[in-house]
**Student:** 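I have a structure I would like to understand better, so I am pasting it below and will then ask my questions one at a time.
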2 protein chains.
Amino acid sequence: MSPYPGEEASRPTMTAEANRGYANGRARQREILEKAVALFGESGYRGTSLREIAARCGVSHPGLKYHFPTKEALLLAVLEQRDEDDSARMAADDPVGVEGLRRLVEIAALNADRRVVVDLFTSLAAEATTPDHPAHTFFAERYRKVIAATTAAYEHAREQGHLVAGVDPATAARQLLALMDGLQVQWLYDPATDMAGTLRAHIQRQLTVPL
Amino acid sequence: MSPYPGEEASRPTMTAEANRGYANGRARQREILEKAVALFGESGYRGTSLREIAARCGVSHPGLKYHFPTKEALLLAVLEQRDEDDSARMAADDPVGVEGLRRLVEIAALNADRRVVVDLFTSLAAEATTPDHPAHTFFAERYRKVIAATTAAYEHAREQGHLVAGVDPATAARQLLALMDGLQVQWLYDPATDMAGTLRAHIQRQLTVPL
DNA sequence: CCTACCGATCGGTAGG
DNA sequence: CCTACCGATCGGTAGG
């Protein structure tokens, strides 16, 4: 299923030596993804060259293409890997109600130590608003899903009587996620920006219980 | 003062014909800026070539450089022009208190008909978080100024007794601007997003008077 | 994984 | 404003 050679291609006739080579290949792939995250975040997708990424990994640029056949494939691999990491970090698959909102504040707090990741999503989300950008569908889908999940969290909070009267779950969800995105940009320009605290203050004003 | 030749250079010895040429030059400059706004917004600064902009204006790319000596100069001219337009749109130089907050909602409403402008600021603000980007200082300064002005508006509202207890002006200002930025990204992905309405709902919850 | 190469495109300059 | 050019760099490919 993987679109990358050297991974599945050698699997059927795998010997001990091929297996070691396979493990090395995986490590190299992780290294490439790590460097790509940093560079796509710093300079965007369009502003980053495969040669730059390859150089940071100590390989030639066709060497990089041995692991990821095109620049676009590398981009999508980067985004999918980051999404998986974030999902793992969210622990529960569908945190619910006030607990779900608390999770978002925790993520904002964690992000203050992950500039490369914040840089990545901020840069690419803005770059990919054009429909023909290779990451456009990824982000359009991502916004749709995250807004839906956050709306559900607010709805659950309302059912529990934890929501201040007059707060509309769908509107509140869009506000919360817009706030997270906007605070990340402010924080990139001014690291003194308190992302988690500012977010917490916003949510607390919508709740009847302590966050 | 202008860094662009063909504008001041010919001024001292201006004849009727040179004057007409000068007027044509100004019109051409406006056209270049207009096309540059659209392309920088669609593809970012790094993703846009001078040849693309020039082609849309029907000139050669050295022809474009006759008006703007470098790509960077063109970028800064675009940003300065947009800032002037927005300042003019804000009418009063320093809208104050609740009236100042209302102005921000009005701008959000206007922006729903100015995709190119929203695209421009969203793309460039994200791209320019790197300190060596030519627009970095512009945006860092812009955030600083806009946050200060919005904080002042909230403080004025508080003095008038229009602010709900517990709303901190500085925090509220950062929230409001983050919300605007984040909603613009959501709106670029989903034009059904109600930027002005969502913003208005947020502010209304902080006020003791109707917005 | 490498070297060597491709055509395309970039921002900028020379010279008029 | 133009044509013609520069060196640099791009993503991708050939062939091993």
**Student:** Under 4.0 Å between a side-chain N/O of B/S49 and OP1 or OP2 of C/dC10, yes or no?
**Tutor:**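 Checking B/S49 against C/dC10: at least one side-chain N or O falls below 4.0 Å of OP1 or OP2.
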**Student:** Could you tell me the separation between the NE2 atom of B/H67 and the C1' atom of C/dG11, rounded to a whole number of Å?
**Tutor:** 18 Å
**Student:** So B/R51, base contact, sugar-phosphate only, or nothing? Heavy-atom distance under 4.0 Å.
**Tutor:**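 Answer is base: heavy atoms of B/R51 come under 4.0 Å of a base.
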**Student:** Between A/K145 and A/D83, is there a side-chain N and carboxylate O pair less than 4.0 Å apart?
**Tutor:**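 Looking at A/D83 together with A/K145, the answer is no, because their closest N to O distance does not fall below 4.0 Å.
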**Student:** Round to the nearest Å and state the distance from A/L39 atom CG to D/dG11 atom P.
**Tutor:**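 Spelled out: CG on A/L39 to P on D/dG11 is 12 Å.
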**Student:** Side chain to side chain donor-acceptor pair (under 3.5 Å), that's the test. Do B/R46 and A/S43 meet it? Break it down for me.
**Tutor:** CA-CA 9 Å; B/R46 293 188 184 106; A/S43 308; 4.5 Å; no
**Student:** Counting side-chain heavy atoms from C-beta on, which of D/dC2, D/dA14, C/dG12 comes nearest to B/T70?
**Tutor:** C/dG12
**Student:** Do A/T129 and B/D119 have side-chain N/O donor and acceptor atoms under 3.5 Å apart?
**Tutor:** yes
**Student:** Output the rounded distance in Å from CG (A/L50) to C1' (C/dT9).
**Tutor:** 16 Å
**Student:** Given ring-ring contact (aromatic ring centres under 6.0 Å, His included), test A/F139 with A/H133 step by step and report yes or no.
**Tutor:** CA-CA 10 Å; A/F139 279 103; A/H133 191 285; 8.2 Å; no
**Student:** Quick check on C/dC1: is either OP1 or OP2 less than 4.0 Å from any side-chain nitrogen or oxygen of A/S60?
**Tutor:** no
**Student:** Any side-chain heavy-atom pair from A/R115 and A/L188 closer than 4.5 angstrom?
**Tutor:**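 In short, these two side chains touch, coming nearer than 4.5 Å.
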**Student:** Whole-Å distance between C/dG12 P and B/L75 CG?
**Tutor:** 12 Å
**Student:** Are B/R144 and B/E141 within salt-bridge range, i.e. N to O under 4.0 Å?
**Tutor:**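 Salt bridge present between B/R144 and B/E141.
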**Student:** Could you tell me how far apart A/E72 (CD) and D/dG11 (C1') are, to the nearest whole angstrom?
**Tutor:** 12 Å
**Student:** On DNA chain D, check which nucleotide each of A/H61 and B/L64 is closest to and give me the residue with the more 5' one.
**Tutor:**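 Final value for this comparison: B/L64.
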**Student:** Going by atom types only, do A/E72 and A/Y45 share a side-chain donor-acceptor pair under 3.5 Å?
**Tutor:**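 The criterion, which ignores hydrogens and geometry beyond distance, is not satisfied for A/Y45 and A/E72.
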**Student:** Mind calculating the distance between OH (A/Y66) and C1' (D/dT13) to the nearest angstrom?
**Tutor:**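 Roughly 17 Å, once rounded to whole Å.
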**Student:** Give DNA chain D the dot-bracket treatment, 5' to 3': Watson-Crick (N1-N3 with N6-O4 or O6-N4) or G-U (N1-O2, O6-N3) under 3.5 Å, [ ] crossing, | other strand.
**Tutor:** ||||||||||||||||
**Student:** Given atom CZ of A/R46 and atom C1' of D/dG11, what is their separation to the nearest angstrom?
**Tutor:** 15 Å
**Student:** Tell me: NZ of A/K71 to C1' of D/dC10, nearest whole Å?
**Tutor:** 8 Å
